[in-house]
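Some notes on the structure that comes next.
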Amino acid sequence: MATLRVAARPAPAPMKVAQISKPGGDIELIEREIPEPGLRQVRIKVKACGVCHSDVVTKEGLFPGIQYPRVPGHEVAGIVDEVGAEVSEWKKGQRVGVGWHGGHDGTCRECRRGDFNSCRNQKICGVSYDGGYQEYMVAPAEALAAIPDSLSDTDAAPLLCAGVTTYNSLRHAGALPGDLVAVQGVGGLGHLGIQWANKFGYKVAAIGRGPENAALAKKLGAHVYIDSQATNAAEALQKLSGAKVILATAPSSKAMSELIDGLGPNGRLMVIGAGPDPIQVTPVQLITPVTRTIQGWAAGTPADSEDTLHFAELSGVRPMIETYPLERTAEAYDRMMSGKAQFRVVLTM
Ligand SMILES: [Zn+2]
Ligand SMILES: [Zn+2]
């Protein structure tokens with residue numbers, strides 16, 4: 001006697017997704033089928049995703065070749081939900097995250113030199129493929145970072161872009177313990193930069209516009225607060241013998257230009273806030289009376305992200321966040337764009 005077998009599998013449950021359907025389009029909340037991970041890919045059940053200013057790239061179509069509809073989001077924290085073929089390094093149930101660095105080919109000249117952050121075929125999460133503004137996402141296995149147990153999803157998410165960008169740039173900027181390090185901007189990046197700088201053992205000067213952030217900057221670990229509206233910040237840094245590093249986080253090229261004279265001997269302006277206008281500097285300013293360097297820095301590899309998360313665990317550094325449910329993504333994005341968030345906006349699923 002043959003048993004009757006039910007041929008049809010139950011339809012997969014749809015998931016909620018916040019997508020952009022065209023450059024400059026609104027954020028739309030829709031439902032989609034849960035995606036399947038392919039070769040060397042991992043499916044993540046997203047628990048939290050930071051809303052970063054760089055999501056404007058996807059929202060407004062600022063990079064060439066973005067395919068729409070596209071789901072933004074590159075500060076993703078969640079758990080491994082399914083692994084595709086030939087993935088042995090990640091297991092179901094493991095806590096993981098994805099940042100701006102969304103994958104590398106492992107075969108280009110830069111990758112063969114071990115410089116994955118400069119991969120010629122680097123993928124960007126939420127730009128090259130759908131990111132974390134959704135309940136489930138699929139990412140290349142090499143793009144994942146493990147999240148330590150002591151960090152919550154909402155704390156880990158912003159550390160995967162804002163966190164690694166500030167941590168990784170600062171640890172490569174050349175300052176030694178006790179050196180004067182200035183953090184320009186007390187915002188989404190700066191409030192983390194001040195905390196790292198303090199934990200790295202630097203003498204920390206926070207530079208903000210107006211007096212209102214002074215108390216917070218000191219609470220975060222600044223030893224000195226410089227109000228750039230009330231005083232000439234470059235002169236104030238020189239009175240403290242000049243900065244070894246200025247971590248420039250606020251996307252104001254004018255404000256960055258005005259700080260260059262605040263650098264001490266062999267000082268470095270580390271640029272991570274991305275404004276569209278030119279930074280203005282004369283060659284003389286870079287040569288005499290002391291030599292100075294201006295450098296840019298972009299995020300880091302997933303290994304750098306893991307270093308960031310481990311150091312946060314070790315030192316107690318945490319982002320300050322405002323959370324919004326996925327259903328209110330458009331409102332969360334507007335809040336981030338307003339510049340009034342204190343300080344990182346994070347979606348929860
Ligand atoms: Zn970002
Ligand atoms: Zn490569």
Side-chain angles (χ1 to χ4, degrees), residues 18 20 27 40 46 48-60 62-63 66 70-77 97-133 137 139-143 145 154-170 185 187-193 196 247-251 270-275 296-305 308-309 312 319-322 329 332-333 335-337 339 341 343-347:
I20 309 289
I27 293 169
R40 293 284 303 145
V46 182
C49 182
V51 179
C52 178
H53 190 270
S54 301
D55 293 336
V56 74
V57 165
T58 303
K59 172 84 166 57
E60 306 300 333
L62 302 185
F63 286 1
I66 302 176
R70 182 56 80 224
V71 180
H74 60 268
E75 291 185 346
V76 186
V98 188
W100 179 258
H101 183 110
H104 47 266
D105 60 10
T107 56
C108 77
R109 199 169 177 84
E110 270 51 60
C111 283
R112 288 169 64 206
R113 290 183 171 125
D115 184 7
F116 303 119
N117 215 29
S118 301
C119 177
R120 302 296 176 103
N121 298 301
Q122 192 189 120
K123 293 185 180 120
I124 303 169
C125 181
V127 177
S128 315
Y129 55 86
D130 288 337
Y133 288 19
M137 67 167 280
E142 80 274 8
T154 49
D155 280 345
L159 293 176
L160 292 159
C161 180
V164 65
T165 300
T166 45
Y167 173 85
N168 207 28
S169 58
L170 203 50
L189 293 170
H191 88 287
L192 289 164
W196 303 128
L247 186 67
T249 73
M270 185 60 99
V271 178
I272 56 173
W297 193 279
T301 64
D304 292 318
S305 291
T308 305
L309 297 170
M320 293 170 67
I321 58 171
E322 298 177 2
T329 300
Y333 184 85
R335 176 72 177 162
M336 178 280 296
M337 289 300 286
F343 282 99
R344 301 297 291 187
V345 173
V346 181
L347 301 173

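Whatever order the structure lists them in is the order used to number ligands and atoms, beginning at 1.
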#### Entry: Verdict with reasoning, H74 to D55, per side chain to side chain donor-acceptor pair (under 3.5 Å)
CA-CA 8 Å; H74 60 268; D55 293 336; 2.9 Å; yes
Does [X] reach the main-chain N or O of [Y] with its side chain, forming a donor-acceptor pair under 3.5 Å?
X    : Y    : result
S169 : W297 : no
H191 : M320 : yes
D130 : R70  : no

### Query
Number of protein N/O/S atoms less than 2.8 Å from the Zn ion (ligand 1)?
3
### Summary
Residue set satisfying side-chain hydrogen bond (donor to acceptor under 3.5 Å, both in side chains) with D304, at least two apart, ordered chain then number -> N168, R171, T301
### Message
Could you work out, with side-chain hydrogen bond (donor to acceptor under 3.5 Å, both in side chains) as the rule, every residue matching E60, not counting sequence neighbours?
### Response
none
### Pair H101-N117, side-chain donor/acceptor within less than 3.5 Å
yes
### Task
Run the salt-bridge test on E110 and R120 with the 4.0 Å N-O cut-off and return the result as yes or no.
yes
### Message
Does R40, at its CZ atom, have more than 12 non-hydrogen atoms belonging to other residues, nucleotides or ligands within less than 6.0 Å?
### Response
yes
### Task
For the Zn ion (ligand 2), state how many protein N, O or S atoms fall inside a distance shorter than 2.8 Å.
4
